[in-house]
Undergrad: 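Here it is: the structure, laid out below.
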Amino acid sequence: MPSVTPADVLAQRRRLILSGDADGFADLFAPDGVIELPFTPPGAPARLDGREAIREYSRQVMASLLRVDDFEVTELYQTQDPEVVIVEMRTKGTLTTTGQSFAATSIQVLRIREGQIALFRDFANPRALEDVIGEPRPAG
């Protein structure tokens, strides 16, 4: 049986996110998988530990007022560690309450072990969404 590549996992992730399948997305993670969001806005978790925490949070995000219309890997870099990839992402979406569109870019670092995501770090700029949602930015 051929092994699952990081590109395969990322393609499956894209399909699941675009279809709004939070459970399928969570199932891409190892049972002890971790999501780290270093630049998360106030009130949002900066770390999710375990597949079930990821599942619960993913359900909330996919039921939110933001709809992801397109989600693509613009660059995929393989590191010297065969489990680790660095991804440049571009996301386009819509705020469903107003119809306003948004675009966001991020750099993601993933450790994919035996076809499952063990670690996912998303270095996204939260300002793109703040501008659409209209939430104030902290002073400073």
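One-based numbering along the sequence shown.
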Undergrad: Same cluster or not: are V68 and F120 linked, directly or through other Ile, Leu, Val, Met, Phe, Trp or Tyr residues, by side-chain heavy atoms under 4.5 angstrom apart?
TA: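 Linked within one cluster.
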
Undergrad: Kindly compute the distance separating CG (L10) from CD (E72), expressed to the nearest 0.5 Å.
TA: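 Reported to 0.5 Å precision, the distance equals 13.0 Å.
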
Undergrad: Tell me whether I107 shares a hydrophobic cluster with V84, the cluster being built from Ile, Leu, Val, Met, Phe, Trp, Tyr side chains joined at under 4.5 Å.
TA: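 Both belong to a single hydrophobic cluster.
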
Undergrad: State whether R14 and D70 are salt-bridged, where the test is any N-O pair (Lys NZ or Arg NE/NH1/NH2 against Asp/Glu carboxylate O) under 4.0 Å.
TA: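 Yes, charged N to carboxylate O under 4.0 Å.
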
Undergrad: Could you tell me which non-hydrogen atom of D27 sits nearest to which non-hydrogen atom of Q116, and how far apart they are?
TA: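 In this case the closest contact between D27 and Q116 is O-NE2, 4.3 Å.
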
Undergrad: Distance-only, no hydrogens or angles: does the Q60 side chain make a donor-acceptor pair with backbone N or O of S64 under 3.5 Å?
TA: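 Not at all, since once roles are kept as given, no pair shorter than 3.5 Å links the two residues.
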
Undergrad: Roughly how far apart are E36 CD and R121 CZ, rounded to 0.5 Å?
TA: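 E36 CD to R121 CZ: 4.5 Å, rounded to 0.5 Å.
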
Undergrad: Ignoring hydrogens, what is the shortest heavy-atom contact between D21 and G24? Give both atom names and the distance.
TA: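 Shortest heavy-atom contact: OD1-N, 2.7 Å.
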
Undergrad: Under a 3.5 Å distance rule, please check whether T105 uses its side chain to pair with a backbone N or O of R90 as donor and acceptor.
TA: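 Side chain of T105 to backbone of R90, a donor-acceptor pair under 3.5 Å: no, none is there.
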
Undergrad: Distance-only, no hydrogens or angles: does the T79 side chain make a donor-acceptor pair with backbone N or O of D81 under 3.5 Å?
TA: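 Yes; judged by distance alone, with no hydrogens or angles, the pair exists.
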
Undergrad: Restricting to non-hydrogen atoms, name the atom on A118 and the atom on R113 that form the minimum distance, rounded to 0.1 Å.
TA: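 Of all heavy-atom pairs spanning A118 and R113, the closest is CB-NH1, 3.9 Å.
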
Undergrad: Hydrophobic clustering (ILVMFWY, side-chain heavy atoms < 4.5 Å, transitive) - are V34 and V61 grouped together?
TA: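 Shared cluster, no.
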
Undergrad: Are I35 and V87 linked, directly or through other ILVMFWY residues, by side chains that come within less than 4.5 angstrom of each other?
TA: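 Yes, same cluster.
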
Undergrad: To the nearest 0.5 Å, what is the distance between CD (E88) and CD (Q108)?
TA: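 Going from CD on E88 over to CD on Q108, the span is 10.5 Å.
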
Undergrad: Measure from the side-chain N and O atoms of R51 to the backbone N and O of F29, and report whether any donor-acceptor pair falls under 3.5 Å.
TA: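 It does hold such a pair.
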
Undergrad: Identify the two heavy atoms, one from L48 and one from A53, that lie closest to each other, and give their separation to 0.1 Å.
TA: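 Between these two residues, the closest heavy atoms are CD2-O, 4.3 Å.
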
Undergrad: Within this structure, what is the CG-CG distance for the pair L110 and L76, rounded to the nearest 0.5 Å?
TA: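 L110 CG to L76 CG: 9.5 Å, rounded to 0.5 Å.
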
Undergrad: At their closest point, which heavy atom of E75 faces which heavy atom of V73, and how far apart are they?
TA: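 Taking E75 first and V73 second, the nearest heavy atoms are O-CG1, 3.3 Å.
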
Undergrad: How far apart are the closest heavy atoms of T94 and F102, and which atoms are they?
TA: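 Heavy-atom minimum between the residues: N-CE2, 3.4 Å.
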
Undergrad: If you count heavy atoms of other groups shown closer than 6.0 angstrom to CD of E56, is the number above 12?
TA: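 It does not: E56 CD has 12 such atoms or fewer within range.
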
Undergrad: Supply the atom-to-atom distance F25 CZ to D23 CG, rounded to the nearest 0.5 angstrom.
TA: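 Between atom CZ of F25 and atom CG of D23 there are 11.5 Å.
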
Undergrad: Following the transitive rule for hydrophobic clusters with a side-chain heavy-atom cut-off under 4.5 Å over Ile, Leu, Val, Met, Phe, Trp and Tyr, establish whether V85 and F71 coincide in one cluster.
TA: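 Yes, one cluster joins them.
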
Undergrad: Are side-chain heavy atoms of E83 and I112 found at a separation under 4.5 Å?
TA: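 The answer is no, as the side chains (C-beta and beyond) never meet within the 4.5 Å cut-off.
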
Undergrad: Going from CG on L65 to OG1 on T97, what distance comes out if it is rounded to the nearest 0.5 angstrom?
TA: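 If we round to the nearest 0.5 Å, L65:CG and T97:OG1 are 5.0 Å apart.
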
